[in-house]
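Per chain, numbering begins at 1; letters A, B, ... match sequence-line order.
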Amino acid sequence: MTEKENPGGARHHDDPGSIAEAGFLGRIIDKTGIVFAIGIVLSMAILINEVILRYLFNAPTIWAHETTIFICGMAFIYGGLYCAARDQHIRVVLIYDFVPPRVRRILNIAISIISAAACGMFAWASWIMVQRAAFMPDGTFRLERSGSAWDPVYPGLVKVSLFIIMSIMCVQFLILAYNYARKKPGEAQS
Amino acid sequence: ADMTLKFQSSDPSGNPNFILQQGWAELVKEKTNGKVAIELLPVKSIVAHTETQDAIAGGILDGHITDTSYFSGKDPAFGLIANPVGAWSAPQEMFDFMNKGGGKELMNELMNPYGLQFIGATTPGLEAFVSKKPLNGVDDLKGLKMRAPEGLVQQVFAAAGASPVNLPGSEVFTSLDKGVIEAADYSVFSTNASQGLHDVASNPVYPGFHSMPLVEVSMNKAKWDSLDAETQTAITEAVNEFALSQVAALAAKDKEAVEAAKAGGKVTVTDWPAEERAKFRKIAASQWVKVAERSKNAQRVYDVLTSYLEENGLIK
Amino acid sequence: MEIFGSFQALGIEYGTLVMFIVLMLLLLTGMPLAYVTLMVALIFALGWFGPTVVPLITSNIFSFVSSFVFVSVPMFVLMAAILDRSGIARDLFDAMKIVGGRLRGGVAIQTIAVAVILAAMSGIIGGEVVLLGLVALPQMLRLGYDKHLAIGVVCAGGALGTMVPPSIVLIIYGLTANVSIGDLFTAAFLPGLMLAGFYVTYILIRAYMNPQLAPIPSEDDDLTTAQKLKLLKGLILPMMVVVGVLGSIYGGIASVTEASAVGVFGVILSTLVRGEFSFGMLKGAALQALRTVGMIVWIGIGASALVGVFNLMGGINFVSGLITGISENPTIVLLFMMLILFILGMFLDWVGIALLTMPIFVPVIITLGYDPVWFGVLFAMNMQVSFLSPPFGPAAFYLKSVAPPDISLATIFRSLLPFICLQILAVAMLIAFPGITGR
Ligand code: NA
Ligand code: NA
């Protein structure tokens with residue numbers, strides 16, 4: 001491939017990683033991404049396997065679809081955290097881009113704090129969900145299952161993961177807010 | 001109204017079930033002299049259909065009208081009571097068990113700890129079976145690639161020699177059409193017909209032999225307990241009346257759809273002989289035990305159910 | 001605390017208005033989109049009810065990420081990321097140059113053709129916009145095409161996935177309205193092609209009126225037949241992938257979602273054949289897929305939560321009251337519905353719009369005596385507009401996530417305007433001439 005011919009000029013494939021303001025946590029989040037990325041490839045392999053088993057051998061599995069949904073669901077949730085650490089979520093920057101760096105810094109701080117507060121609320125709400133998904137009414141531990149013939153614990157796992165990831169996301173936004181605040185205006189855009 | 005209760009249905013708004021459930025909401029208003037109004041919301045309007053139990057317990061919704069098997073993941077007992085494949089050959093048998101045979105008490109024993117009160121049961125009736133190729137009995141199920149939903153139904157078909165494929169409802173049509181699957185557990189005959197399933201799978205089995213879901217009407221227990229006895233009775237009566245009218249209405253619709261299908265000449269409706277149905281039920285009953293082993297409550301459901309069926313001569 | 005529940009004093013009318021204003025304001029602060037709808041859902045959950053209702057939002061996040069229909073999105077994005085890292089896409093466009101080289105706007109038209117083929121392979125949008133954004137956009141820019149035209153073609157073409165069968169929008173509509181999904185697919189086929197036809201016509205008109213917008217590659221004249229044949233080899237592998245995917249769907253080998261995995265598999269095999277495969281390449285592609293789905297899915301997540309909160313506020317009764325109260329005249333009611341869909345399309349993801357409006361619109365449409373199948377196609381056509389319309393235009397966001405950084409969202413939205421007009425024209429055609437659906 002000849003990158004230089006691209007008029008856009010920036011379709012490079014090197015990985016910028018997490019942004020500096022995301023700190024140490026951001027770097028861990030960035031590195032852990034590979035686990036979920038492999039998950040996406042694995043889902044593909046599982047689906048292909050299922051198609052082959054069903055079509056050629058008339059032997060569909062009872063686990064392929066639920067497992068694929070589970071793996072992709074985990075990748076979806078983690079993907080949100082991954083983009084937060086890398087500041088790759090899409091923003092409508094019509095105003096954001098035209099304000100001076102000083103205002104932009106304040107916006108960054110405010111957005112990070114608000115997002116942290118929201119994620120905190122969501123972590124709390126997920127915890128309520130986890131309590132019902134991880135414990136029976138009598139208090140014994142039992143992860144919620146799918147109820148299918150195979151009956152995996154995927155729904156319970158996804159709910160627990162949602163709680164964990166929301167909590168991490170909350171901390172990540174607090175770190176971002178702190179680091180945006182620490183930087184002097186003007187350096188805000190690294 | 002003094003009180004408006006938000007109920008979420010597991011049916012979409014254009015579905016005949018939902019339209020009949022709106023009749024129930026009217027009936028409640030009538031029977032409580034306008035004191036209680038039901039705001040009936042279609043599936044997924046507040047939360048997903050598998051999440052209503054939590055939403056009711058948490059005070060987000062007041063109640064739901066839904067297939068109990070959606071909560072099989074919480075406790076296999078829900079799956080077993082919701083669709084004990086082969087136990088009932090007509091809606092009335094299930095209603096008798098619920099109202100007079102201890103079913104209602106059993107449901108509340110299961111649901112109260114989750115913060116829900118079971119008010120009464122209804123059902124769309126015996127589901128019809130959708131198939132591309134002619135099925136004349138249990139032997140034809142061998143190797144049949146078919147879609148079955150969660151739980152017992154899937155297990156029973158596997159035990160009967162079919163190859164159940166786990167597909168969501170939204171992929172049933174395209175998969176049948178293109179032949180990814182050859183048959184599907186879906187809904188009652190008239191609904192299958194109006195959603196066009198018979199256009200792509202022209203050998204339905206009617207009346208169905210495999211499934212008659214329990215649709216529960218239940219609500220937040222604390223809220224229920226706060227109602228006076230008169231109101232409670234009125235709501236309960238409304239549920240029972242609605243159940244009977246729903247069964248009658250859908251049976252009539254089914255009959256009409258079957259006539260239309262036969263007259264159309266493109267669909268071959270098969271009815272299974274009694275001995276084939278008996279064979280299938282026997283296979284089904286063998287699977288109940290397996291579900292019963294999965295939890296204490298499931299075992300309890302199994303015990304109550306089998307003793308009721310035996311006492312009433314419904315199984316030999 | 002006093003604040004919880006205090007919003008109820010606004011009443012549902014002003015509550016709805018305030019909701020739109022807050023949504024708009026938050027969008028403009030530059031807050032990541034993924035959090036904007038979630039944030040509004042949270043504000044209204046707390047303000048209208050109180051903390052007890054907040055689990056509604058997390059419950060909807062859980063249900064959203066656990067649905068099978070979205071599995072095809074990471075598959076398509078992965079396919080795109082692998083194509084982007086191999087030479088397949090470039091060779092494909094080089095070969096296509098020969099086929100349509102002398103035609104002004106030929107490459108843009110071919111992109112639309114590729115988009116229609118992709119639309120027949122997938123039932124959802126997201127993946128295709130990313131795919132075309134990575135594959136077709138750079139090629140058009142390389143050939144000197146006008147930036148705006150190229151961007152518009154990619155977004156509008158990439159959004160065709162839910163207009164051309166199979167389509168998840170139509171499937172969900174069929175389940176809601178209790179009508180035959182087969183009938184919906186049949187009825188949507190021509191309107192889908194009509195829309196693609198509008199795009200092609202528009203490209204031709206623009207290109208012939210202003211040849212600078214779509215230069216014809218001059219090098220073609222010098223090519224010998226042997227060279228041309230060599231270039232045409234570039235068509236073979238992509239065509240085999242397309243045949244594999246379409247064949248697996250229409251041959252009854254795989255379900256629509258599984259077929260998206262067949263596509264990825266085919267592309268990986270192609271890189272092996274070309275000797276371009278490496279684990280580093282696959283790793284890079286998978287990581288790109290992870291971040292792209294992270295963006296795409298989180299943009300969609302908030303809408304279902306927001307609709308849940310709005311419906312709990314009494315939104316369903318409010319909207320159906322609005323519609324039935326507007327007029328006795330069915331045509332006006334219908335046009336009003338189109339207006340509602342258009343406005344919602346500016347703020348919500350299609351999942352949210354479908355959840356909110358289908359249950360309300362379908363019974364009304366049937367009462368008014370309209371054909372629900374035709375309306376389903378009309379609904380899907382409206383969703384085409386919603387994918388593109390600012391400020392919340394998912395197709396624009398998907399493209400932005402993979403386009404060169406110097407292409408701004410403002411540029412993308414400006415490029416989309418003529419295509420939005422074409423989509424609205426298509427909506428009008430469907431209303432004026434329902435016969436296009438064959439009904
Ligand atoms: Na499609
Ligand atoms: Na839009």
When you look at [atom1] of [X], are more than 12 heavy atoms from neighbouring residues, nucleotides or ligands closer to it than 6.0 Å?
{"X": "B:K253", "atom1": "NZ", "result": "no"}
{"X": "C:Q8", "atom1": "CD", "result": "yes"}
{"X": "C:F189", "atom1": "CZ", "result": "no"}
{"X": "B:E26", "atom1": "CD", "result": "no"}

Pick one of side chain, backbone, both or neither for [X], based on which atoms fall under 4.5 Å of a heavy atom in chain B.
{"X": "C:F62", "result": "side chain"}
{"X": "C:P55", "result": "both"}
{"X": "C:I171", "result": "side chain"}
{"X": "C:Y250", "result": "both"}
{"X": "C:F185", "result": "side chain"}

Might you point out which heavy atoms bring [X] and [Y] nearest each other, and give the distance in Å?
{"X": "B:V47", "Y": "C:S59", "value": "CG1-OG, 3.7 Å"}
{"X": "B:G14", "Y": "C:N178", "value": "O-CB, 3.6 Å"}
{"X": "B:Q195", "Y": "C:G174", "value": "NE2-O, 4.1 Å"}
{"X": "C:L56", "Y": "B:I60", "value": "N-CD1, 3.5 Å"}

Q: Could you tell me whether the side chain of B:S45 reaches within less than 4.5 Å of the side chain of C:I316, counting heavy atoms only?
A: yes
Sort [X] into side chain, backbone, both or neither according to what part of it lies under 4.5 angstrom from a heavy atom of chain C.
{"X": "B:E39", "value": "side chain"}
{"X": "B:D177", "value": "neither"}
{"X": "B:V200", "value": "neither"}
{"X": "B:S175", "value": "side chain"}
{"X": "B:T174", "value": "side chain"}

Q. Looking only at atom types and distance, does a side-chain atom of C:N60 sit under 3.5 Å from a main-chain N or O of B:I46, one as donor and one as acceptor?
A. yes
Q) Are the side chain of B:K44 and the backbone N or O of C:L355 linked by a donor-acceptor pair below 3.5 Å? A) no
Q) If you measure from CG on C:N317 to OG1 on B:T4, what distance do you get to the nearest 0.5 Å? A) 9.5 Å
Q. At what distance, to the nearest 0.5 angstrom, does CG of B:L61 lie from CG of C:L312?
A. 6.5 Å
Heavy-atom pairs under 4.5 Å with chain B: which of [options] has the most?
{"options": "C:V256, C:L356, C:I366", "result": "C:V256"}
{"options": "C:T52, C:V307, C:V309", "result": "C:T52"}
{"options": "C:G182, C:P165, C:S304", "result": "C:G182"}
{"options": "C:I253, C:V179, C:V53, C:V362", "result": "C:V179"}
{"options": "C:S63, C:S66, C:S255", "result": "C:S255"}

